[in-house]
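Report on the structure given below.
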Amino acid sequence: MRRLTALLIAGAASLLAAPSASAATREYWVAAVPATWNIVPNGRDAIMGMEYPTADTVFGTVVYRRYTKGWGKPLANVPSGSGNSNLMPGPLIKAREGDKLRVHFKNLDTAFKRPHSMHFHGVHYKPSSDGAYLPGFSGRDANVKPGQTWTYKLTAGSDSVGAWPYHDHGPEMEASIDGGMWGMLSILGKHEQAPDREFVVVFSPMGKFQAIDGRAFVGNTPVFHSREGDLVQWDVMAMGSEHHTFHVHGHRWKTPDGRDVDTVTVGPAESIRVRWREKEPGTWLYHCHVETHMAAGMIGTYQVNAS
Ligand SMILES: [Cu+2]
């Protein structure tokens with residue numbers, strides 16, 4: 001009898017657990033906040049032995065920052081261990097196929113007092129959640145003034161699975177994108193396994209440097225960590241007006257059309273999702289393979305611990 005009860009409880013528990021696979025509504029609270037950003041915090045390019053004074057590497061900008069509900073308290077944009085930057089890129093917006101997303105945005109740009117917005121790729125939405133400024137046509141979603149808020153209503157469809165960009169598409173989009181107002185969406189298939197490690201790599205020019213997540217040169221760019229056996233996922237995109245090639249040493253992966261590759265090109269606002277089961281312990285390089293970009297800082301390290 002006890003065994004039967006246990007089975008019944010287990011059965012009920014699995015029924016209760018079932019809704020997790022069905023559609024959910026996921027809420028994010030994000031603000032545009034001023035920041036003083038250092039592209040090269042340690043002041044050097046360790047590979048070339050070059051020094052950079054802070055006058056060349058520090059600038060004032062505006063970034064997306066994740067907050068607790070109601071913009072109560074600021075949060076780090078990425079979980080610890082999945083990057084070294086808590087402001088660039090903006091928060092990783094996660095969902096599963098079928099989910100609804102509610103992204104509550106507040107403009108706290110007290111430094112430049114510019115209007116801002118959020119415009120999302122890869123998901124379904126009405127024009128009032130497009131966030132793209134067009135005088136005479138777009139509404140407040142595309143022109144959120146300092147102190148104002150807007151909630152973007154998005155749905156992840158079966159054609160939304162993968163990694164996608166979001167960015168400011170307001171009246172001052174160009175300055176915002178140059179300054180780091182971008183981030184990524186990560187959408188899993190309905191029954192797809194979530195990765196053990198997820199890394200966000202955003203290639204963008206920044207001042208006279210070529211940056212990954214707003215940082216240049218090994219020692220400043222993110223150090224990504226995993227363990228042997230982990231399912232590792234890289235969400236990679238390019239922002240700005242240049243093409244980049246994502247290359248990881250010691251690893252290959254399958255493209256959607258089934259080819260084995262170790263380098264893939266991403267152009268402006270293109271995004272890719274790369275996955276593998278990790279089996280190569282050691283310290284590896286990842287970088288853009290456009291040589292002038294690599295020399296200008298677009299390189300970092302990936303640390304795989306043995307299991
Ligand atoms: Cu590049």
Side-chain angles (χ1 to χ4, degrees), residues 37-42 44-50 52 56-57 59 61 63 78 82-85 87-90 92 121 162-168 173-186 198-224 232-253 255-256 259-276 283-302:
W37 189 255
N38 192 342
I39 307 166
V40 191
N42 74 2
R44 57 194 301 263
D45 169 2
I47 294 174
M48 296 305 289
M50 293 276 289
Y52 291 97
D56 288 358
T57 67
F59 70 110
T61 188
V63 295
V78 295
S82 57
N84 70 341
S85 158
L87 294 173
M88 263 184 236
L92 181 61
H121 291 226
W164 302 93
Y166 68 83
H167 55 87
D168 188 351
M173 167 181 178
E174 204 177 327
S176 296
I177 288 184
D178 286 351
M181 277 192 87
W182 28 249
M184 294 192 80
L185 296 136
S186 172
E198 183 165 11
F199 312 129
V200 178
V201 172
V202 182
F203 291 125
S204 75
M206 195 154 273
K208 63 179 188 180
F209 303 100
Q210 291 286 343
I212 296 170
D213 296 352
R215 305 275 201 215
F217 307 115
V218 169
N220 302 296
T221 48
V223 180
F224 296 118
V232 170
Q233 177 174 317
W234 301 72
D235 304 329
V236 182
M237 73 163 179
M239 274 284 133
S241 301
E242 295 171 62
H243 284 71
H244 305 280
T245 60
F246 176 65
H247 173 53
V248 185
H249 287 215
H251 294 76
R252 286 143 306 282
W253 62 89
T255 60
R259 288 177 300 126
D260 294 292
V261 295
D262 71 358
T263 308
V264 170
T265 302
V266 284
E270 286 187 330
S271 50
I272 52 162
R273 195 180 78 167
V274 168
R275 280 185 159 206
W276 61 67
T283 299
W284 303 101
L285 287 170
Y286 68 94
H287 58 91
C288 171
H289 221 303
V290 176
E291 301 297 316
T292 51
H293 293 180
M294 199 176 155
M298 215 166 241
I299 180 166
T301 59
Y302 170 46

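The first residue in the sequence is number 1, and the count goes up from there. As the structure lists them, so they are numbered: ligands from 1, and atoms in each ligand from 1.
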Distance (rounded to the nearest 0.5 Å) between I299 CD1 and N220 CG:
12.0 Å

Just to be sure I understand the site: which N, O or S atoms from the protein are less than 2.8 Å away from the Cu ion (ligand 1)?
H244 ND1, C288 SG, H293 ND1

Look at the rings of Y286 and F224 and say which category their plane angle falls in: under 30° parallel, 30 to 60° tilted, over 60° perpendicular.
tilted

Side chain to side chain donor-acceptor pair (under 3.5 Å) pairs touching residues 293-302, sequence neighbours excluded, are S226-Y302, E242-H293, H244-H293, E278-Y302

Anything under 30° is parallel, anything over 60° is perpendicular, the rest tilted; go ahead and classify W253 against F246.
tilted

Measure from NZ or CZ of R273 to the centre of the six-membered ring of W164, then state whether that distance is under 6.0 Å and the direction lies within 45° of the axis.
no

Measure up the H247 and H289 rings against each other and bin them: parallel (under 30°), tilted (30 to 60°), perpendicular (over 60°).
tilted

